[in-house]
Structure formats: structure tokens, C-alpha cells
2 protein chains.
Amino acid sequence: MATAKTIPLSKRPLNDASAGDLANVFAALADPVRLRLFDLVRRAGETGVCSCDLVEPLERSQPTISHHLKVLREAGLVESRREGTWLWYSVVSDALDDANAFVQS
Amino acid sequence: MATAKTIPLSKRPLNDASAGDLANVFAALADPVRLRLFDLVRRAGETGVCSCDLVEPLERSQPTISHHLKVLREAGLVESRREGTWLWYSVVSDALDDANAFVQS
DNA sequence: CCATCACATTGATGATTGTCAATGTATTGT
DNA sequence: ACAATACATTGACAATCATCAATGTGATGG
């Protein structure tokens, strides 16, 4: 007899926990400035981009950019590496896998 | 000589307008209840699902569900069709195309 | 016409958010 | 040690949001 446990994960409706996790990722992308930030970081590839080069093109104050980068970092979408006084941001690979799977199907 | 106009759209950094549109879509998905709502509606296929069947599984009040469905509708992700006193919700096909393209690359 | 059912709208409340000026904290070069 | 640079944190404010109780609206059936 078929029980809930026999239903493959992908066929089961979203439970509250997974929905919460996914919603956090989408929330990180739910702001124009953060979307453009992520886009710029992603374009920079493995090398990444210095956050000092992100303030001007986005026309926001330095604290605002810093705040948005923190949101992206805490959502697991980007990571930073110190190089002297600079911070280089790059995308976390596979960070968008769940989001991708959800939006795809 | 290469000018900005010769760069294909997909290779250009996100401008503010497209970022705003995309952010609106992600904002609609940035809530656990709405994610699960969208998931349930999508699972219902072309037929769609009566919104009366969405209140109980999500454990929210009827006005709250109604509010979230409105958000999804205004984001262009779902549409509704009247059937007597009921409203049947179904997904708008291709509504996630832009989001998919962004998350994919 | 009236009661009922399905759903939307209103109004209120507490929580979260985007933004910036001011300030704090590392790190580097002198 | 000091000044300068890069970035983070704090504190404040207006705006938006998720939620629900109460109420409104529109369709159906008797």
C-alpha cells in the first residue's frame, strides 16, 4: 500500500520548512539593488569583484551597498575574500540550485 | 568600433528597469505561504484549484490566503477563472521565464 | 426575497525593510 | 605612531508587509 513516505521528495508538495528556506533565497533576490549586485558579482567570475567597485554603478551610499552585500552573504549567495584592505566578492556555486529547481519545473 | 549598443542584451549588466521587474517576481515568491500556494496551484495543472481548498492546508485565515493570491495574481504568476461561486486558480504559463533565465545562468 | 456560501476588502497592529549620516574597525604605507 | 583607505556597524526614519477580525460583495438555491 502506498503511504506518504513512498512518494518521492520531488513529487511532494512543499512543506513549511523547505518553503521557508526557499523564501529566504527569493527574498535576497527581491530587491533591484541586490539583483544588480548579484549580477555584477556573478559577471566577475571566480576572481570576483572588489566591493569598492560596486558603489558607484549602483548609485547608493557605501553603507547601503555594504548592507545589501551582507544580505546576499547571509542568504548564502555570495562570499567574500580579503585581499589587503579590499574585500573581493564572488558567487557561491550551486547557491541557486534549489531556486533553480523550483522555478524550472 | 564597439559601442554599448553592439553588446547583446544577455551580455549586458542588468539595468534598473529590468532589475525592478525581476525583483517584483522574486518578491512574490519571497514568502513561505505564497511559495506553497504557488506550488499547490502549479500542481493542479490546467484545471487549476479552487481557492477554497487552499485555506486549510496552509493554516492561515481566509483573508490572508486571499491576500496572498492577490499578490501572486498581480505579479502575473497565477490567474483565476470563475466557476459559479468558486474561483479556480491556475498558473500563468511562461510567467517565470525571466526568473528562470536569471537563476539559470 | 432571503439565507448561505465563496471570496474580497477594510482597518488595525506589530514586524521587517531600504536608506543614509555618523561613527567604528581593520589594514596599509609612511 | 599616524594618516589614509576600505569596509562594517549603529541609529534613526519612512515605507512596506503579514496577519487577522470584521465587514462587504456577488453568486446560488430555495
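Computed from heavy atoms alone, side chains included, the values below leave out hydrogens, waters and symmetry copies. Throughout, protein chains are lettered first and strands after them, A, B, ... in sequence-line order, and every chain is numbered starting at 1.
Annotated stems with DNA chain C as a participant read C:1-30 with D:1-30, given as range with range, by first number; only runs of 3 or more Watson-Crick or G-U pairs under 3.5 Å qualify.
Judged as a side chain to side chain donor-acceptor pair (under 3.5 Å), and not counting sequence neighbours, A/T85 has no contacts. By the side-chain contact (heavy atoms from CB on, under 4.5 Å) test, B/S51 pairs with B/L54, B/L69, B/Y89, sequence neighbours left out. For the side chain to side chain donor-acceptor pair (under 3.5 Å) test, residues two or more places apart in sequence or in another chain that qualify with A/S18 are A/N15. Applying the side chain to side chain donor-acceptor pair (under 3.5 Å) criterion to B/E83, with sequence neighbours excluded, gives B/R81.
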Which side-chain N or O atoms in residues 96-105 of chain A pair as donor and acceptor under 3.5 Å with protein atoms at least two apart or in another chain?
from: A/S105; atom 1: OG; to: A/A101; atom 2: O; distance (Å): 3.2

N/O donor-acceptor pairs under 3.5 Å from side chains in residues 20-39 of chain A, not counting sequence neighbours:
from: A/N24; atom 1: ND2; to: A/G20; atom 2: O; distance (Å): 3.4
from: A/D31; atom 1: OD1; to: A/V33; atom 2: N; distance (Å): 2.9
from: A/D31; atom 1: OD1; to: A/R34; atom 2: N; distance (Å): 3.2
from: A/R34; atom 1: NE; to: A/A28; atom 2: O; distance (Å): 2.8
from: A/R34; atom 1: NH1; to: A/H68; atom 2: ND1; distance (Å): 3.1
from: A/R34; atom 1: NH2; to: A/A27; atom 2: O; distance (Å): 3.1
from: A/R36; atom 1: NE; to: B/L14; atom 2: O; distance (Å): 3.1
from: A/D39; atom 1: OD1; to: A/R43; atom 2: NH1; distance (Å): 2.6
from: A/D39; atom 1: OD2; to: A/R43; atom 2: NH1; distance (Å): 2.8
from: A/D39; atom 1: OD2; to: B/L14; atom 2: N; distance (Å): 3.0

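Grouping Ile, Leu, Val, Met, Phe, Trp and Tyr residues whose side-chain heavy atoms lie under 4.5 Å apart, directly or via other members, places A/W88 in a hydrophobic cluster with A/W86.
The residue among A/A27 and B/Y89 whose nearest nucleotide of DNA chain C is located toward the 5' end is B/Y89.
When every heavy atom of A/G45 is checked against every heavy atom of A/S90, the shortest pair comes out as O-CB, 4.0 Å. For the pair B/P57 and B/L40, the tightest heavy-atom approach, listed with the atom from each and the gap, is CG-CD1, 4.3 Å.
No single ILVMFWY cluster, assembled from side-chain heavy atoms under 4.5 Å apart, contains both B/V71 and B/L87.
The closest donor-acceptor contact from the side chain of B/R42 to the backbone of B/A44 lies at 3.5 Å or more, if one exists at all.
Applying a 4.0 Å cut-off to non-hydrogen atoms, the residues of residues 70-80 of chain B that approach DNA chain C are B/K70, B/R73, listed by residue number. Contact check of residues 49-57 of chain A against DNA chain D (heavy atom, cut-off under 4.0 Å) returns A/C50, A/S51, A/C52.
Under the salt bridge (charged side-chain N to carboxylate O under 4.0 Å, His left out) criterion, no residue pair touches residues 46-73 of chain B, with sequence neighbours excluded.
Residue B/W86 contributes atom CH2, which lies 15 Å from atom P of C/dA8 at whole-angstrom precision.
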Exercise. Between protein and nucleotides 19-28 of chain D, map the contacts as a letter string: B base, S sugar-phosphate only, - none, heavy atoms under 4.0 Å, written 5' to 3'.
Key: BBBB----SS
